[in-house]
Amino acid sequence: MQFLDEKDQRIRQLENENRTLQEKVDLLEHNVEVLTQAVLHAAKQRFGASSDKTPPIYGVKRQIIPN
């Protein structure tokens, strides 16, 4: 039957399109994970513990200013 053949062909075409789109989604999800990790790493380097402490300035005494 021609109708069933066309229907089966359309189903295979849609399955192939679905597979292709799923592969693209998987790749994009992977890219989001990689970029998220890169941003987190950059933030840690820029704002991490190493930058939390202000290095002492020799010859200058810290003053406590009362409220």
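Values below: every heavy atom of this structure, side chains too, minus hydrogens, waters and symmetry copies.
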With a 4.5 Å limit on heavy-atom distance, are the side chains of V32 and T36 in contact?
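V32 reaches T36 side chain to side chain.
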Measure the shortest side-chain to side-chain distance between N16 and R19 over non-hydrogen atoms and say whether it is less than 4.5 angstrom.
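Yes. Closest side-chain heavy atoms under 4.5 Å.
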Run through R10, Q9, E15 and flag the one making a side-chain contact (heavy atoms from CB on, under 4.5 Å) with Q13.
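So, applying the side-chain contact (heavy atoms from CB on, under 4.5 Å) to Q13 and each of R10, Q9, E15, only R10 qualifies.
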Residues that D26 engages under side chain to side chain donor-acceptor pair (under 3.5 Å), provided they are two or more places apart
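D26: side chain to side chain donor-acceptor pair (under 3.5 Å) contacts with Q22.
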Worked check of side-chain hydrogen bond (donor to acceptor under 3.5 Å, both in side chains) between H41 and Q37:
CA-CA 6 Å; H41 180 70; Q37 291 301 318; over 6 Å; no
If you measure from CD on E23 to CG on L27, what distance do you get to the nearest 0.5 Å?
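Going from CD on E23 over to CG on L27, the span is 9.5 Å.
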